[in-house]
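Report on one structure; see the data block that follows.
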Amino acid sequence: MSFDHYMSDIRTRFAPSPTGYLHVGGARTALFNWLLARQLGGKFVLRVEDTDQERNTEAARKAIFDGLQWLGMDWDEGPDCGGEYGPYNQSERGAIYDRWFAHLQEKGRVYEDDGAWRFRFERKLMTMHDLICGEVSIDYREESNTPDMVVKRSDGSYVFHFVNVVDDLEMKISHVIRGEDHLMNTPKHLQLFEAFDVKPPIYAHIPLILNQDGSKMSKRDAGAAVGEYEQAGYLSGAVVNFLALLGWSPKNEDEIYSPAELIKAFSLEGVNRSPAKFDTEKCAWVNQQHLAPLSPEAFAKASETQFEQLPENYQAMAGSVQEKVRLLSEVPAAIQFYHDKEFPYAPEALEKVAKNAAAPALLNTLAEAWGTLTDWSEAKGEIKAAAVKHEAKPGQLMFPLRVALSGKAGGPDLGDILQILGQEESIRRIQRYLAL
RNA sequence: GACCCGUUCGUCUAAUGGUUAGGACUCCGCCCUUUCACGGCGGCAAUAGGGGUUCAAAUCCCCUACGGGUUGCCA
């Protein structure tokens, strides 16, 4: 078998059940599977485990698809695009399950119990070779710990363990990367593969993602839903970057990766054993790092999603805050003063200016000087002149001016502010501030 | 309870027997800057505890503690 042939046999999958929104844990599981497939030139399969009719919703299904798409994880086979091993919704695969169940019956591996069918485990020591956890053994001779499992319910439906194994085998999945919560399920799945006389896939169990307080992150926790990240002003590439670094390390000191770079650098060997906590501060920092290299146009475009209605002259303003925000959601507030003539003053900014007793006099002098100015491009020079007149440093005037013009302690460069506001409006704002 | 996995700065992590235990986020200080940032430099801060093995242990072994997972006719 040639190396190329081996590579093309790599098949990974993401198998969500559409019972809730795509959460970061699931997204990271999908990501590792996707990265491995893309790196090795294999296929990434999306299979929807929609056997739980009670809890499935169309909204959840859509949220999962949208979430994967937003993150840029494209799949080669799935319910929407089909593929050689479909259908890709478990709800449509009943006949396939019946066939494999019959196989189990023929071999005498199942028996009826209260109307349900149980799979008879082989009573032996089960040892698995996990790519991340190493060799793990669970003693199936200990029957009380490992009672025969139901594979077919009394209502005729099949349970997760059974359909999951059948699908992985039918879909020729080569590598299963899944959460550590499945580690104890793996011997059950291995026994099923053995009963089917099929070689099992290679397993890799990744540690779970925890909340800041150490509890398991579940769907209802804040920051758990992938959909929230776009709303919160994250670039999808930044979220992918951060998620990849949660539990995986490139073993060097680089931290900022594009998806393409991740595909190159990823390896299962670099995946940790211990669970990681989700740190929103660092996630925001990663986002800032992804925001910084964008062109002003790309930044403006990306931040447009944060407005219900785009302010006038938006393009001109957007670039001036690019390096001042970590999240795109901070953009509307950061540029509010540009288009809102009655913007509010931030209390802490006013407080800071109040410490400078000379500020009002300085501002007044500047406003007068600006009033007689014929060329607005010289406005900045007048700041220095006004300061000199009061025997003050320019910095003592610039901060109060910033607050007078924008109402905030931080924000765009003063030059940008002056240029966009213009002479008349700038003077008016100083007067408005002095009249407080 | 039983079984399984884990434990390095507050957080994400590097170091697979020999390092002053490294980097990043956060925080603090300094520099750059007429403002705000960016950036640069520096600081605080960790091998859960106890026993072994070894010339030498974050690293290997055992015990304890703590955390997580599994233990369904959920997935």
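In what follows, every chain begins at residue 1, and chains take the letters A, B, ... in the order their sequences are listed. Values below: every heavy atom of this structure, side chains too, minus hydrogens, waters and symmetry copies. These numbers were taken from a predicted model, which means no experiment stands behind them.
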Show me the pairs that pass salt bridge (charged side-chain N to carboxylate O under 4.0 Å, His left out) and involve residues 235-255 of chain A, at least two apart or across chains. A:Glu255-A:Lys282
Can you measure A:Leu22 atom CG to B:A75 atom C1' for me and round it to whole angstrom units? 15 Å
My understanding is that only residues two or more places apart in sequence, or in another chain, count here; which of them pass side chain to side chain donor-acceptor pair (under 3.5 Å) with A:Asp168? A:Arg13, A:Arg47
Identify whether any heavy atom of A:Gly415 sits under 4.0 Å from a base atom; if not, whether one sits that close to sugar-phosphate; answer base, sugar-phosphate or nothing. nothing
Pairwise C1' distance for B:U26 and B:A45, with rounding to whole Å: 11 Å
Will you find, in the side chains of A:Ser17 and A:Arg55, an N or O donor that is under 3.5 Å from an N or O acceptor? no
How would you label the contact of A:Lys277 with the nucleic acid (heavy atoms, under 4.0 Å): base, sugar-phosphate, or nothing? sugar-phosphate
Would you say B:A75 has OP1 or OP2 under 4.0 Å from some side-chain N or O of A:Arg55? no
Strictly below 4.0 Å: does A:Lys251 bring a side-chain N or O up to OP1 or OP2 of B:A14? yes
If you look at every strand shown and take non-hydrogen atoms under 4.0 Å, does A:Thr51 touch a base, only sugar-phosphate, or nothing? sugar-phosphate
Does either side chain, that of A:Tyr140 or that of A:Asn145, offer a donor lying less than 3.5 Å from an acceptor on the other one? no
Listed by chain and number, what are the side chain to side chain donor-acceptor pair (under 3.5 Å) partners of A:Gln105, not counting sequence neighbours? none
Donor-acceptor pair present, A:Lys282 side chain and B:U26 base, under 3.5 Å: no
Heavy atoms under 4.0 Å, any strand shown: does A:Ile383 hit a base, just sugar-phosphate, or nothing? nothing
B:C61 and B:U7, which share atom name P, separated by this distance in whole Å: 12 Å
Check side chain to side chain donor-acceptor pair (under 3.5 Å) between A:Thr365 and all other residues, then give those that pass, not counting sequence neighbours. A:His390
Do the side chains of A:Lys124 and A:Glu194 get close enough for a salt bridge, i.e. N-O under 4.0 angstrom? yes
To the nearest Å, give me how far apart CZ (A:Phe278) and C1' (B:C25) are. 13 Å
Sorted by chain and residue number, the side chain to side chain donor-acceptor pair (under 3.5 Å) partners of A:Glu378 (sequence neighbours excluded) come out as none
Walk me through whether A:Tyr85 and A:Val45 qualify under side chain to side chain contact (heavy atoms under 4.5 Å, CB included). CA-CA 10 Å; A:Tyr85 305 98; A:Val45 178; over 6 Å; no
A:Phe14: which residues meet the ring-ring contact (aromatic ring centres under 6.0 Å, His included) condition with it, sequence neighbours left out? none
Under 4.0 Å, heavy atom to any atom of RNA chain B: which of residues 254-273 of chain A qualify? A:Glu255, A:Asn272, A:Arg273
Suppose we screen for ring-ring contact (aromatic ring centres under 6.0 Å, His included). Which residues come up paired with A:Phe337, at least two apart in sequence or across chains? none
May I ask you to say what A:Ala276 touches in the nucleic acid, namely base, sugar-phosphate or nothing, with a heavy-atom cut-off under 4.0 Å? sugar-phosphate
Which sits closer to the 5' end of RNA chain B, A:Ser249 or A:Met398, going by the nucleotide each is nearest to? A:Ser249
Walk me through it: do A:Val286 and A:His290 pass the test side chain to side chain contact (heavy atoms under 4.5 Å, CB included)? CA-CA 6 Å; A:Val286 170; A:His290 280 253; 3.7 Å; yes
Atom-to-atom span, CZ of A:Phe119 to P of B:C73 - whole angstrom: 15 Å
Tell me whether the count of non-hydrogen atoms from other residues, nucleotides or ligands lying under 6.0 Å of NZ in A:Lys107 goes above 12. yes
Whole angstroms only, please: what is the CD-P distance between A:Glu348 and B:C36? 15 Å
Considering only heavy side-chain atoms of A:Ala116, the closest of B:C73, B:A75, B:G68 is B:C73
A:Gln90 atom CD is separated from B:C74 atom P, nearest whole Å, by 14 Å
Quick one: what's the B/S/- string for nucleotides 27-33 of chain B, heavy-atom cutoff under 4.0 Å, read 5' to 3'? -------
Integer-rounded Å distance: B:U13 P and A:Phe242 CZ: 9 Å
Classify A:Asp413 by what it touches in the nucleic acid, base, sugar-phosphate, or nothing, heavy-atom distance under 4.0 Å. base
N/O (side chain, A:Ser274) to phosphate O (OP1/OP2, B:G67) under 4.0 Å: no
Can you give each donor-acceptor pair under 3.5 Å made by side-chain atoms of residues 271-279 of chain A, sequence neighbours left out, with the distance rounded to 0.1 Å?
residue: A:Arg273; atom: NE; partner: A:Ile132; partner atom: O; Å: 3.4
residue: A:Asp279; atom: OD1; partner: A:Glu281; partner atom: N; Å: 3.1

Roughly how many Å apart are B:G43 and B:G22, using the P atom of each and rounding to a whole number? 10 Å
Considering every strand and a 4.0 Å limit on heavy-atom distances, what is the contact class for A:Asp113: base, sugar-phosphate, or nothing? base
Could you give the CG-to-P distance, from A:Leu362 to B:U35, as a whole number of Å? 15 Å
Every protein N/O lying under 3.5 Å from an N/O of nucleotides 37-45 of chain B:
residue: B:A37; atom: O2'; partner: A:Glu323; partner atom: O; Å: 2.6

Sub-3.5 Å pairs of nitrogen or oxygen atoms, protein against nucleotides 1-4 of chain B:
residue: B:A2; atom: O2'; partner: A:Asn145; partner atom: OD1; Å: 3.0
residue: B:A2; atom: O2'; partner: A:Asn145; partner atom: ND2; Å: 3.1

Hey, mind stepping through A:Leu373 and A:Glu382 against side chain to side chain contact (heavy atoms under 4.5 Å, CB included) and telling me if it holds? CA-CA 9 Å; A:Leu373 205 58; A:Glu382 292 298 328; 3.7 Å; yes
Classify the nucleic acid contact of A:His182 as base, sugar-phosphate or nothing, counting any heavy atom under 4.0 Å across all strands shown. base
Which whole number of Å gives the distance between the C1' atom of B:U71 and that of B:C28? 49 Å
Which nucleotide in B:U71, B:C74, B:U13 has an atom nearest any side-chain atom of A:Asp52: B:C74
So what's B:G6 paired with, Watson-Crick or G-U wobble, going by both distances under 3.5 Å? B:C66
Between A:Phe162 and A:Trp100, is the ring centre distance below 6.0 Å? no
May I ask you to say what A:Asp114 touches in the nucleic acid, namely base, sugar-phosphate or nothing, with a heavy-atom cut-off under 4.0 Å? base
Need one value for A:Lys408: base, sugar-phosphate or nothing, where a base atom within 4.0 Å counts as base even if backbone is also close, heavy atoms only. nothing
Both distances below 3.5 Å, Watson-Crick or wobble geometry, any strand: find the nucleotide opposite B:A58. none
Separation of A:Leu245 atom CG from B:G23 atom P, in whole Å? 17 Å
For A:Phe399 and for A:Arg153, locate the closest nucleotide of RNA chain B by heavy-atom distance; then report the residue assigned to the nucleotide nearer the 5' terminus. A:Phe399
Determine whether the aromatic ring centres of residues A:Trp75 and A:Trp34 are separated by less than 6.0 angstrom. no
Across all strands, who's sitting opposite B:A37 as a Watson-Crick or G-U wobble pair, both distances under 3.5 Å? none
